[in-house]
Amino acid sequence: MARIIELLRMAIDIAVALCAMLVLMIPLWFALAAFGTKWEFWDWQTGLNAMTHVWGMRLLLAGLVAGVLTLIVLGVFRLTAGEGYGNWSSAIAVTLIAVAGLYWAMQVDQLKAADPAILDVTTDFAEPPNFSSAFISRRSGLDASLDYAGKTGRDGQPLPQLQAAHYPQIRTLHLDESVDTAFARALELARVQGWRVSTASRQAGMFEAGAESLWYGFRDDMVVRVRSDEAGGSLVDVRSLARQPVHDLGRNADRVQEFLVLLDSPQP
């Protein structure tokens with residue numbers, strides 16, 4: 001019996017040490033994958049696919065197995081030896097971290113399955129707002145094309161049909177105010193929303209902006225166009241697209257929709 005208890009003590013020491021290591025390693029690994037990609041130490045395929053989807057999931061599964069087995073060993077020791085031994089906190093912590101991480105991964109997969117990847121969202125399918133040549137020249141040749149014509153979803157369905165089916169509320173906004181007023185309000189709203197406005201021209205009736213996600217640094221490009229409706233009012237069109245061909249979980253569609261709703265809200 002004494003020999004069994006001694007072996008259990010050794011197993012507990014090893015298991016607790018492993019759990020403590022994983023408690024630190026799992027968050028650090030995901031932070032390294034995300035911010036290493038954001039700061040361009042490696043490309044997004046490495047950070048998102050290899051480091052997160054492959055090795056990250058393996059780390060989470062290892063943490064779950066280690067945590068559960070350690071808790072079992074601690075429970076067996078308590079029943080066998082009739083006394084407490086070892087630190088339960090690291091085993092509980094790594095189990096909770098692993099469960100939370102795996103649950104997050106499941107939620108992301110469900111979002112991907114529920115919504116199609118619409119990576120170029122616009123209020124005007126026939127004549128989407130275009131970007132200036134200066135803006136285009138600053139983009140990398142590896143970035144997604146800005147040419148809207150002919151774009152399709154992953155299932156081959158034309159992008160306009162796909163967007164109209166899932167986001168019918170995203171369309172040209174009509175405002176009963178002058179182009180000058182509408183343009184000024186749209187530009188101010190973009191800045192309030194945290195868009196990084198790079199080019200703004202009242203004469204051209206358009207401005208361009210960008211945004212970058214906190215995790216992985218995925219970049220989006222936006223352009224807003226304001227035109228006269230020839231009746232004293234204004235027509236506002238917005239376009240937002242992802243630079244990388246990674247499912248945006250509805251990020252660009254949500255951005256355009258929120259912008260239109262706020263711009264259309266009654267003014268104080």
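Quick caveat, the model's predicted, so the values are computed rather than measured.
- In this pair, Trp44 and Phe218 present their aromatic rings perpendicular. The plane angle is above 60°, beyond the 30 to 60° band.
- In summary, the side chains of Ser140 and Asp143 do not present any donor paired with an acceptor at a separation below 3.5 Å, with no hydrogens or angles considered.
- Here the straight-line distance linking atom CG of Leu74 with atom CG of Leu69 works out to 11.0 Å at 0.5 Å rounding.
- Salt bridge annotation for Asp124-Arg171: absent, with no cationic side-chain nitrogen under 4.0 angstrom from a carboxylate oxygen.
- The shortest side-chain heavy-atom distance between Leu146 and Arg139 falls under the 4.5 Å cut-off.
- Using cut-offs of 30° and 60° on the angle between ring planes, the pair Trp39 and Phe41 is perpendicular.
- Between Arg239 and Asp120 there is a salt bridge, since at least one side-chain N of the basic residue sits less than 4.0 Å from a carboxylate O of the acidic one.
- Side-chain N or O atoms of Gln244 include one that pairs as donor or acceptor with a backbone N or O of Arg219 at under 3.5 Å.
- The CE atom of Met25 sits 5.0 Å away from the CG atom of Leu59 when rounded to the nearest 0.5 Å.
- Put simply, the side chain of Ser137 gets close to the backbone of Ala134: a donor and an acceptor are under 3.5 Å apart.
- A heavy-atom distance below 4.5 Å is found between the side chains of Asp221 and Phe135.
- Within a 6.0 Å sphere centred on CH2 of Trp42, other residues, nucleotides and ligands contribute more than 12 heavy atoms.
- Within the 4.5 Å cutoff, no side-chain heavy atoms of Arg251 are placed close to those of Ser240.
- In this structure, Asp254 CG and Tyr167 OH are separated by 6.0 Å, a value rounded to the nearest 0.5 Å.
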| said: Determine whether Phe125 and Thr122 satisfy the following criterion, side chain to side chain contact (heavy atoms under 4.5 Å, CB included), listing intermediate values before the conclusion. | reply: CA-CA 7 Å; Phe125 302 139; Thr122 180; 3.9 Å; yes

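- Looking at Thr123 and Asp237, their side chains do bring a donor and an acceptor atom within 3.5 Å of each other.
- Hydrophobic clustering (ILVMFWY, side-chain heavy atoms < 4.5 Å, transitive): Tyr216 and Met57 are in one cluster.
- For the atom pair CZ of Phe131 and OG1 of Thr199, the computed distance is 10.5 Å after rounding to the nearest 0.5 Å.
- Heavy atoms only, all atoms of each residue included: Tyr148 and Pro128 are closest at CB-CG, 3.8 Å.
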| request: Before giving the answer on side chain to side chain contact (heavy atoms under 4.5 Å, CB included), spell out for Leu32 and Leu28 the whole-Å C-alpha distance, their side-chain angles and the decisive distance to 0.1 Å. | output: CA-CA 6 Å; Leu32 180 66; Leu28 286 175; over 6 Å; no

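- Side-chain atoms of Thr52 come within 3.5 Å of backbone N or O of Gly47 as a donor-acceptor pair.
- No donor-acceptor pair under 3.5 Å is formed between the side chain of Ser228 and the backbone N or O of Ser234.
- Taking each heavy atom of Val246 and Leu119 in turn, the nearest pair found is O-CD2, 3.4 Å.
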| task | For side chain to side chain contact (heavy atoms under 4.5 Å, CB included), just list the numbers for Met106 and Leu102, CA-CA rounded to whole Å, side-chain angles, deciding distance to a tenth of an Å, and then say yes or no. | result | CA-CA 6 Å; Met106 289 175 57; Leu102 292 170; 5.5 Å; no

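- Within a 6.0 Å sphere centred on CD of Glu230, other residues, nucleotides and ligands contribute 12 heavy atoms or fewer.
- One finds no salt bridge joining Glu208 and Arg225 here, because no Lys/Arg side-chain nitrogen approaches an Asp/Glu carboxylate oxygen to under 4.0 Å.
- The shortest heavy-atom contact between Val197 and Ala200 is CG1-CB, 4.4 Å.
- Of the possible polar contacts, none joining the His174 side chain to the Val236 backbone as a donor-acceptor pair under 3.5 Å is found.
- At least one donor-acceptor pair closer than 3.5 Å links the side chain of Thr70 to the backbone N or O of Ala66.
- Between the Lys151 side chain and the Ser145 main chain, a donor and an acceptor come within less than 3.5 Å of each other.
- Considering only heavy atoms from C-beta on, Val179 stays 4.5 Å or farther from Arg227 through its side chain.
- Across Ala98 and Leu64, no two heavy atoms sit closer than the pair CB-N, 3.5 Å.
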| query | Taking it one step at a time, do Phe35 and Trp215 satisfy ring pair (Phe, Tyr, Trp, His ring centres under 6.0 Å)? | reply | CA-CA 7 Å; Phe35 289 105; Trp215 294 95; 5.2 Å; yes

| request: Give the intermediate values and the outcome of side chain to side chain contact (heavy atoms under 4.5 Å, CB included) for residues Ile97 and Val23. | output: CA-CA 7 Å; Ile97 289 172; Val23 165; 4.2 Å; yes

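- Nearest approach of Val226 to Ala182, heavy atoms of both residues: CG1-CB, 3.9 Å.
- Within the model, atoms CD1 of Ile170 and CZ of Arg255 stand 11.5 Å from one another, a figure rounded to the nearest 0.5 Å.
- The CG atom of Leu71 sits 8.5 Å away from the OG atom of Ser90 when rounded to the nearest 0.5 Å.
- Here the side chains of Leu235 and Leu173 are not in contact, with every heavy-atom distance at 4.5 Å or above.
- Across Arg196 and Glu212, no two heavy atoms sit closer than the pair NH1-CB, 3.8 Å.
- At a threshold of 4.5 Å between non-hydrogen side-chain atoms, the residues Leu189 and Gln193 count as touching.
- Of the possible donor and acceptor atoms, one in the side chain of Thr37 sits under 3.5 Å from a partner among the backbone N and O of Ala33.
- Residues Met222 and Val238 are not in side-chain contact: their nearest non-hydrogen atoms beyond the backbone lie 4.5 Å or more apart.
- Side-chain atoms of Met206 and Asn130, non-hydrogen and from C-beta on, never get closer than 4.5 Å to each other.
- Ring pair Phe207/Trp195 is tilted by interplanar angle, where 30° to 60° counts as tilted.
- Few gaps surround CG on Asp109; more than 12 heavy atoms of other groups in view lie less than 6.0 Å from it.
- Hydrophobic clustering (ILVMFWY, side-chain heavy atoms < 4.5 Å, transitive): Leu24 and Trp55 are in distinct clusters.
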